[in-house]
2 protein chains.
Amino acid sequence: MSGIADVARLAGVSKATASRALSGRGYVSETTRNLVAHAASEIGYVVSSNASSLVTGQTKNVGVVVPYLNRWFFAEMLEGIETALIEAGYDLTLYRLTDDVEQRRKVFEYFLVRKRVDAVIAVSVALSESEVTRLKSLGKPLVGVGGHAEGMTTLSIDDVAAAKLATEHLISLGHRRLVHLGGHPEEEMDFPVHERRLAGFRDALEEAGIPPTGTFQPSSFTIDGGYRAALRMLTDPRTRPTAVFAASDEIAIGLIVAARQLGIRVPQDLSVVGIDGHDLADMFGLTTLEQHPKRQGRLAVDLVMEELAAGPGAARNRSVTVPVDFAPRSSTTAPQGARP
Amino acid sequence: MSGIADVARLAGVSKATASRALSGRGYVSETTRNLVAHAASEIGYVVSSNASSLVTGQTKNVGVVVPYLNRWFFAEMLEGIETALIEAGYDLTLYRLTDDVEQRRKVFEYFLVRKRVDAVIAVSVALSESEVTRLKSLGKPLVGVGGHAEGMTTLSIDDVAAAKLATEHLISLGHRRLVHLGGHPEEEMDFPVHERRLAGFRDALEEAGIPPTGTFQPSSFTIDGGYRAALRMLTDPRTRPTAVFAASDEIAIGLIVAARQLGIRVPQDLSVVGIDGHDLADMFGLTTLEQHPKRQGRLAVDLVMEELAAGPGAARNRSVTVPVDFAPRSSTTAPQGARP
DNA sequence: GCCTGTTGTGGAACCGGTTCCACTACTGAC
DNA sequence: GTCAGTAGTGGAACCGGTTCCACAACAGGC
């Protein structure tokens, strides 16, 4: 395995000059630069990022913490982050954070802190206060996506407003019997998105003067979860709503599949609106609010790069809100009998 | 940021002893070990993995190359790999390999080679010969999952046999008008899985004496792809098959959704079998062959660890085949009219 | 009592780069 | 002609650990 000393020897210059020539820093004559570059490619030289990181203190590596990999939102987000990081010349080290306390502690204490990452992007993970301070104490940028944790830069949609908007869409169509199919506030890693979307839903109900009792049904944030929750909810025709606001498109899709299976027509018998902008929304004709997670991922990387460039002195508690796009499709319409 | 020298000073020992005490290598008395451990936790010391890697030559980091993140198979696989690597004390650096030649070259030349990873796991990426040799020339273990590339250790199911098995299941039920909905052999990053599953399908047809003409329909490897391909295929009732072997569960699910939408009953009017063992297979009653990608991911890590333990001298061209499990559900039955 | 082997510790070299500093050569301004 | 400033280069220190080697102390075998 050849090192920079070999390159220097072959080019007939010192290690210092070889280093400058290859990294582009400092004064090097055009001739020498070419000489060194040629020598390097001759022996297939590549820098040891370890040695380089050791002295510069930069690892050119960003840690990304994610709770799930097999859900649309997270996969898209990760893809956006990965693409942007590669473009910026950074590596991506992936950690999946479960709710296993021991594994979680291990990831934090053992991995993230080991001076191996320049920054951390946490996707939809509710970090504990001690976890945040631990990370911040290293002086490394910490950007959260999808959660408004205190004391760190965050990037997300306005969940309350989005939920309210979706609900208002249903109400404006004439619906009065609404249900929100969403994550249980105290389950699923106590992630605050659940309660925010519920809050936005309740806000809209309240403003329309609709009583909130019996309007919430818990569901796991997956297609299968939405399907099972829908089967439970739709079997009794007397309590069946005319419209459902699903907390995610995956829930909404599961609901639509269940409804079709039960012979309930969407949208004639049941209007459905979701949040996400899932790839499959079009296929199911799902009206939704697109939140472009891929784009959010790129944006999160931008924020990281800004903080990295600003150096350790800068203020780091921005809170960026990204807009959602309303994408009306065929899954929502006025309730039966409300039309003349 | 405190270093091992600070720990040594605080504990009143030399750097060498502090290093031995913390790493557990070499002779250290019980007393000294405790002393050092205490000093380290006192000042919140964590090793610099850069410095450590620099001298040991080990990065405790594995590069994982994946073509997609938002497809079930890859997400599951990645999850299995991630879990196993964390357990083994390794980091996971993620690279998504698109078919953009430039980005691909960049990932290989610039990232993977930079002495930053101890090994590489390539998931379903058809590596070019030069890419394989480039990687192998570094003396690092290279394990491929889902593809039988030459000159490297690979892990996968027997695609030909699995496809044949699925098709035979349909034939044994009495079906004679079969279609294979699968990836186009010359598309989608020319991944060899496509042609293998097609080959297995054709083998089964041939053994049953069924002519193969008009039995293949190309489809993208997604739910949406299966849906669109199904709409094309199912609209003409005269050419409509009585059974479909889909190359993946996602294709199969898209097909089932399309069929339901067109009023074609599954399985009465159309039997469907897939390959994968997708989370949603149960929800759609899909008969399939489970290939447990999560388990495959763990296995791939095991192989990497074995090669890492064996050292650079060992032979590295094993080819491990993992079994599939037949999971019969309600999407397959005998064709209408074939029963008495 | 001597020799060998094991345990325990410290000094110093080393991993492979980057960067500070010293030094030379040359240019242009006064 | 002198002086300041810039371009270009090399020597050596340094990043933060690990490990080789030397050395001391002490055990047990003969």
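These numbers come from a predicted model, not from an experiment.
Between the side chains of Ser49(A) and Ser52(A), no donor-acceptor pair of N or O atoms lies under 3.5 Å. Between the side chains of Thr153(B) and Glu307(B), at least one donor N or O lies within less than 3.5 Å of an accepting N or O. A side-chain N or O of Ser14(B) and one of Thr17(B) form a donor-acceptor pair less than 3.5 Å apart. Side-chain contact check for Thr93(A) and Asp91(B): no donor-acceptor pair (N or O, by modelled atom type) lies under 3.5 Å.
Contact annotation for Thr32(A): backbone-only contact, meaning every heavy-atom pair under 4.0 Å involves sugar-phosphate atoms and none involves a base. Backbone-only contact: Ser48(A) has heavy atoms under 4.0 Å from sugar-phosphate atoms and none from a base. At the heavy-atom level, Ser19(A) lies under 4.0 Å from base atoms of the strands shown.
Contact annotation: Tyr45(B) reaches the phosphate of dG17(D) (side-chain N/O to OP1 or OP2, under 4.0 Å). OP1 and OP2 of dG17(D) both lie 4.0 Å or more from every side-chain N or O belonging to Ser52(B). Within the 4.0 Å cut-off from OP1 or OP2 of dA7(D), at least one side-chain nitrogen or oxygen of Tyr27(A) is found.
Residues Ile81(B) and Val123(B) have side chains in contact (heavy-atom distance under 4.5 Å, counting atoms from C-beta outward).
Donor-acceptor pairing under 3.5 Å, judged by distance alone, is absent between the side chain of Lys15(B) and the base of dG16(D). A donor-acceptor contact under 3.5 Å links the side chain of Arg20(A) to the base of dG10(D).
A cation-pi geometry, defined here as NZ or CZ lying under 6.0 Å from the six-membered ring centre and within 45° of its normal, does not hold between Arg71(B) and Phe74(B).
Set against dG17(C), dG8(D), dG17(D), the side chain of Ile4(B) has dG17(D) as its closest nucleotide.
Axis orientation changes by 40° from one end of the helix from dG1(C)-dC30(D) to dC30(C)-dG1(D) to the other, with each end axis drawn from 5 pairs and the value rounded to 10°.
For the pair Val55(B) and Ala16(B), nearest-nucleotide mapping onto DNA chain C gives the more 5' position to Ala16(B).
Remark: P of dT9(C) and CG of Leu22(B) are 13 Å apart, rounded to the nearest angstrom. The distance from atom CG of Leu35(A) to atom P of dT9(D) is 10 Å, rounded to the nearest whole Å.
Here the closest non-hydrogen pair linking Ile157(B) and Thr321(B) is C-CG2, 4.1 Å.
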